[in-house]
Amino acid sequence: MLEFIRTHQRLMQFLLLLIIFPSFAFVGIQSYSRFGDADNVVAKVGNQPITQQELEIAQREQIERIKKMFGGQVDPKLFDTPEAKKNALDGLIAQKAISIEATHKRLMPSESQIQSVVLASFPSLADPSLSKEDRIKFYNEIAQEQGMSVAGLQSRIAQGMMRQTINVSVQGTAFVPKTVAAHLADINNQEREVQQLFFKSADYLSQVKITDDMLKDYYNKNDAAFSIPEQAKAEYVVLNNDAVASQVTVNDDEIKAYYEQNKKRYSIEEQRRASHILIAVNKSASDKDKAAAKAKAEGLLAQVRKDPSKFGKLAKEFSQDPGSAEHDGDLGFFEKGAMVKPFEDAVYKLKQGEISDLVQSDFGYHIIQLTGIKPGKVKSLEEVQGDIAAEIKKQKAAKKFAELAEIFTNTVYEQADSLKPAAEKLKLMISTADNLTRQPNPAVAPTAPFNNAKFLNALFSDDAIKNKRNTDAVEVAPNTLIAGRIIEYKPATKRPFNEVQQIVRERVTQLEAAKLAEKAGQAKLAALKAKDDAAGFADTKMVSRAKEGEIDHAAFTDVMKADVTQLPAFVGVEMPGKGYDIYRINKVGQAATPDKAKVAADQQQFETGLAQQEMVAYIDALKQKSKVKILKPIVIDTASTDSK
C-alpha cells in the first residue's frame with residue numbers, strides 16, 4: 001500500500017520531463033572535421049551511411065553485452081577479428097534497413113513516448129531535487145558517455161523504438177500448429193545409440209613425406225601467415241577537456257556568485273519520519289464497507305491512545321500496508337511531496353511522538369505517529385566551494401574548448417610539416433607512439449587517442465606516409481581532437497622463407513597427416529557400408545538433440561542428420577586439426593515422454609525460433625529493397641585460417 005501512497009511522484013516526474021525535453025532539441029556537440037566523413041563511410045543502406053565510428057561503437061557494445069553475460073571474464077582480443085567486425089557491421093545494416101522502413105511507414109514515436117523511454121532508462125533525470133540546468137547537464141553527460149550528441153541520443157532512442165515496433169509486428173505473427181510442434185518435439189527427443197572410431201592425425205605423422213616444393217608452395221600461398229604488417233612511429237598532440245582545463249582558473253568571486261545564484265540547489269528540505277496503521281477501503285466501496293473500516297480504525301486508534309507503546313505491535317498485526325506493517329508501521333524519512341496530500345498534511349501538523357486522529361485518503365483510514373524530524377538546512381559555501389569550483393572550471397573549459405578547437409584544426413592543417421606550432425600555441429604536449437599499425441592494438445586501451453581506428457586511418461593515408469605531413473584534426477571522442485604525423489615508417493614485409501622454414505614444415509606435416517587420416521577413415525567407412533564390422537569401435541553412448549552427451553559438437557549435427565532407415569548406419573566426419581571420425585549408429589528410440597510443462601516450453605521455443613527466422617527473412621528483404629552497398633569490405637582470410 002505504501003507504493004500507492006507514493007504514486008503521485010510519477011506524475012510529478014512526467015511533468016518535469018515535459019518541461020525539460022524541449023530545451024534538449026537545440027543542444028548539440030560540434031564536430032570539427034574539416035572535410036567531412038566521406039572517407040569514413042564503410043557502408044550505405046539506401047542513402048543512409050554507416051561510418052567507421054558507428055562500427056566501432058557497435059563493436060564496443062557487442063563486447064560489453066558479452067562481458068555482462070559472462071561476468072566480465074572476456075578477453076577483448078577475441079573480438080578483434082574480421083568475423084566479429086563483420087557481425088557488428090551486419091547488425092548495423094539490419095538496424096538501418098529497419099529504421100528506413102519504419103520511417104517510410106511513419107512509425108516515428110511521439111515526444112511523450114520518447115520521454116517515457118528516457119525516464120525508464122535514466123530515472124535519475126526525474127529526481128525532483130535537480131534544477132533544470134542540472135538535468136540538461138546530466139543529459140549531456142549521458143550522451144557523451146555514449147559517444148554522441150544529445151540530439152543523436154534522442155534520435156537513437158526514437159530509432160530503437162521504431163525498430164522494436166516492427167520487430168514485435170513481424171515476430172508476433174509467428175505460429176506453430178500443435179501437430180507440427182509435436183512432430184518437432186519427437187525429433188528433438190529422439191535418442192541415438194552411437195559408437196566412435198577415431199582416426200587421429202597424430203597417428204599418421206610418421207608416414208608423412210615432405211618435399212621442398214611442398215614447403216615452398218605452402219609458403220607462397222599463405223602470405224598473410226608469414227607477413228610483418230607495416231608499422232610506424234608517430235608523434236601526436238591531443239586537445240581535450242583535461243588539456244583545456246589546465247589552462248582555466250576560477251576565482252573566489254565567481255564561486256561566491258555561483259553559490260548565491262544556485263543556493264536552492266544546496267538546500268536540504270526538512271524530512272519527517274512516521275509510522276502508520278492503515279485500514280484499507282476502496283474509495284468506491286459501499287457506505288457499509290466504509291463504515292466498517294472506519295469503526296475498525298477507530299477501535300485501533302483508541303488502543304494506541306491508551307498505550308502508545310503498542311503502536312508497532314498493533315501495526316504489525318492489523319495494518320493492511322504490507323510494506324510497512326512488517327516494520328511495525330515504519331515508513332522511514334520522507335520530504336514534502338512524497339505522500340498523498342491528506343497523509344502529508346497530517347504528518348506536518350504533528351509534534352514528535354504525537355499520534356494523529358483518523359486520516360482518510362483514497363486508500364483507507366490511517367493512524368499516524370510522528371517518530372522523527374530532520375530539520376532542513378542550506379549547506380554553507382565552505383562545504384560546497386570545491387564542487388562549485390570544479391563545476392565552473394568544467395563549464396569554462398567546455399566554452400574554451402570550442403574556441404581552441406578551431407585554432408587547433410587550422411594550425412595542424414596550415415602548418416602541416418610540424419606539430420610544434422599547434423603545441424606551442426595551445427600549450428599542448430607532443431607525445432610519441434611506436435609500433436603503430438593500420439588496426440587498433442587490442443593490447444592498448446581503446447580509449448587511448450592514438451589507438452583509435454579513425455586516427456590510424458588518417459595516419460596511414462598516402463599523404464601522411466609519403467610526405468610525413470600532419471594528419472587533419474580527428475575527433476576520436478566527444479571533445480577530444482588528435483593530430484599526428486609519422487616520423488618513422490616500415491612497409492609491410494614477408495618474413496624470409498629460411499626464417500620460417502621450420503614453422504612451414506610443422507604446418508605442412510600436420511596438414512598431410514590429416515589428409516592421410518581422412519583417406520584411411522574414408523576407406524574404412526566404405527568398407528563398413530559394404531559389410532558391418534563393430535571391431536575397433538569405442539563403447540556405446542546415447543545422444544539426442546536435447547542432450548549431446550560426450551560426442552564432439554563438430555560431429556553431432558552429422559550424426560543426428562544421418563539416414564537411419566537401415567541400422568547400423570555409419571557417418572564419417574572430418575575433424576579439422578584432429579583427424580577423421582566414424583560413428584556407428586546402432587539404435588534409434590525416444591526419450592521418456594515429456595510432461596505438459598515441457599511440451600508447452602517446447603511449443604514456445606519452436607514459435608520463438610520461427611519468429612526469429614521470419615524476422616531474419618524480413619530483414620533480408622529490407623536489405624534487398626534498400627540496396628545495401630559495402631564500401632569497405634571486411635575481408636575474412638580463409639586461406640590463413642585453414643592453414644592454422
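It should be emphasised that the depicted structure is a prediction, and the values quoted were computed from it without experimental measurement.
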After noting the C-alpha distance and the side-chain angles of K96 and E54, does the key distance pass the salt bridge (charged side-chain N to carboxylate O under 4.0 Å, His left out) rule? CA-CA 11 Å; K96 292 279 187 182; E54 286 180 286; 3.3 Å; yes
State, to 0.1 Å, how close [X] and [Y] come at their nearest heavy-atom pair, and which atoms those are.
X    : Y    : result
I486 : Y489 : CG2-CB, 4.0 Å
L419 : G484 : CD1-CA, 4.0 Å
F408 : L481 : CE2-CB, 3.9 Å
A458 : V474 : CB-CG2, 4.1 Å
V250 : A389 : CG2-O, 3.8 Å
E56  : A453 : OE2-CB, 2.7 Å

Flag, side chain of [X] to backbone of [Y], donor-acceptor distance under 3.5 Å:
X    : Y    : answer
S267 : K263 : yes
N222 : A225 : no
T480 : V476 : no
E383 : S380 : yes
S418 : K420 : yes
T437 : Q439 : yes
N467 : R469 : no
N457 : R438 : no
Q247 : L426 : yes

Quick one: are [X] and [Y] in side-chain contact, heavy atoms under 4.5 Å?
X    : Y    : value
I255 : L381 : yes
L239 : L404 : yes
L89  : V42  : yes
Y218 : R507 : yes
I465 : E230 : yes

Show the numbers, then the answer: is there a side chain to side chain contact (heavy atoms under 4.5 Å, CB included) between Y266 and K377? CA-CA 9 Å; Y266 305 110; K377 71 169 187 175; over 6 Å; no
Would you say the ring centroid of F450 lies under 6.0 angstrom from that of F455?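 F450 vs F455: aromatic centres not under 6.0 Å.
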Mind running side-chain hydrogen bond (donor to acceptor under 3.5 Å, both in side chains) on E406 and T409 for me, showing each step along the way? CA-CA 5 Å; E406 185 174 358; T409 302; over 6 Å; no
Starting at [atom1] of [X], measure out to [atom2] of [Y] and round the result to the nearest 0.5 Å.
X    : Y    : atom1 : atom2 : answer
K466 : D462 : NZ    : CG    : 4.5 Å
R485 : T471 : CZ    : OG1   : 10.5 Å
L55  : L92  : CG    : CG    : 6.0 Å
D90  : K85  : CG    : NZ    : 14.5 Å
D434 : E235 : CG    : CD    : 12.5 Å
N451 : L456 : CG    : CG    : 6.5 Å

Please indicate whether [X] has more than 12 foreign heavy atoms, meaning atoms of other residues, nucleotides or ligands, lying under 6.0 Å from its [atom1].
X    : atom1 : result
K44  : NZ    : no
E499 : CD    : yes
N251 : CG    : yes

Verdict with reasoning, F497 to N220, per side chain to side chain contact (heavy atoms under 4.5 Å, CB included): CA-CA 9 Å; F497 176 75; N220 292 331; over 6 Å; no
Test side chain to side chain contact (heavy atoms under 4.5 Å, CB included) on Q48 and I100 and set out the steps. CA-CA 8 Å; Q48 296 293 315; I100 291 171; 3.7 Å; yes
Between Y259 and Q385, is there a side-chain donor-acceptor contact under 3.5 Å, judged purely by atom types and distance?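 Absent: no donor and acceptor within the cut-off.
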For the residue pair Y219 / R495, report whether a side-chain donor-acceptor contact shorter than 3.5 Å exists.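 Not at all, the side chains of R495 and Y219 share no donor-acceptor pair under 3.5 Å.
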Take L436 and K233, measure what side chain to side chain contact (heavy atoms under 4.5 Å, CB included) needs, and give me the verdict at the end. CA-CA 6 Å; L436 298 178; K233 181 178 182 180; over 6 Å; no
Show the numbers, then the answer: is there a salt bridge (charged side-chain N to carboxylate O under 4.0 Å, His left out) between K396 and E254? CA-CA 11 Å; K396 280 187 163 185; E254 290 174 313; 2.7 Å; yes
